[in-house]
Amino acid sequence: MDFMAFGQNLRVDNALIDHEHQILIDCVNRLHDAIVNGDERMVVAKTLNDLIVYTQTHFYVEEELMRIFNYPAAEQHRQAHQYFKEMVLRVQVNFQQRVAMVPDSLLQFLKEWLSEHFLHVDKALADFLRGKALS
Ligand SMILES: [Fe+2]
Ligand SMILES: [Fe+2]
């Protein structure tokens, strides 16, 4: 069973955003599997990096949608993305410097933060975008 499931409850009903969230969840599940299976550092590093790269891509897409359509709550949404990126990048730096392994608490943080963000912050954006050209 996957560590993080993309259940109906996490969908925001925007095809593009939901598609990208599915990919993000796949990245989280791959990182989880690599850690739980005790894969080599290189494998863990790669899955963590894939997650970070895709997160940046996805956040950029949402931020562009907010910019194009003048989304009123764009600044708070951007700050939430910024917070998440900083948290995950800090873990990556510690891991790369061999200060620490990827902590299990990161997995819990990823699951909880992303679920909460999808459910509330991204859902609000998707609702705003509904009926607009790109939604
Ligand atoms: Fe978002
Ligand atoms: Fe999102």
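First listed ligand is number 1; within each ligand, the first listed atom is number 1. The structure displayed is predicted, hence computed values, not measured ones.
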* Main-chain N/O of Ala45 paired to Asn49 side chain as donor or acceptor, under 3.5 Å -> no
* Any Leu110 side-chain heavy atom under 4.5 Å of Leu31 side chain -> yes
* Measure from the Fe ion (ligand 2) to every N/O/S atom of Glu62 and report the name of the nearest one. => OE2
* Where the Fe ion (ligand 2) is the centre, what is the NE2-to-NE2 angle for His58 and His21, rounded to 10°? -> 90°
* Backbone N/O of Asp2 and side chain of Asn29: donor-acceptor pair under 3.5 Å -> no
* Determine which of the N, O or S atoms in Asp122 is closest to the Fe ion (ligand 2) and give its atom name. => OD2
* To do: Determine, stepwise, if the pair Lys123 / Asp127 fulfils salt bridge (Lys or Arg N to Asp or Glu O under 4.0 Å).
  => CA-CA 6 Å; Lys123 179 84 172 76; Asp127 289 346; 3.0 Å; yes
* **Any N, O or S atom of His81 closer than 2.8 Å to the Fe ion (ligand 1)** => yes
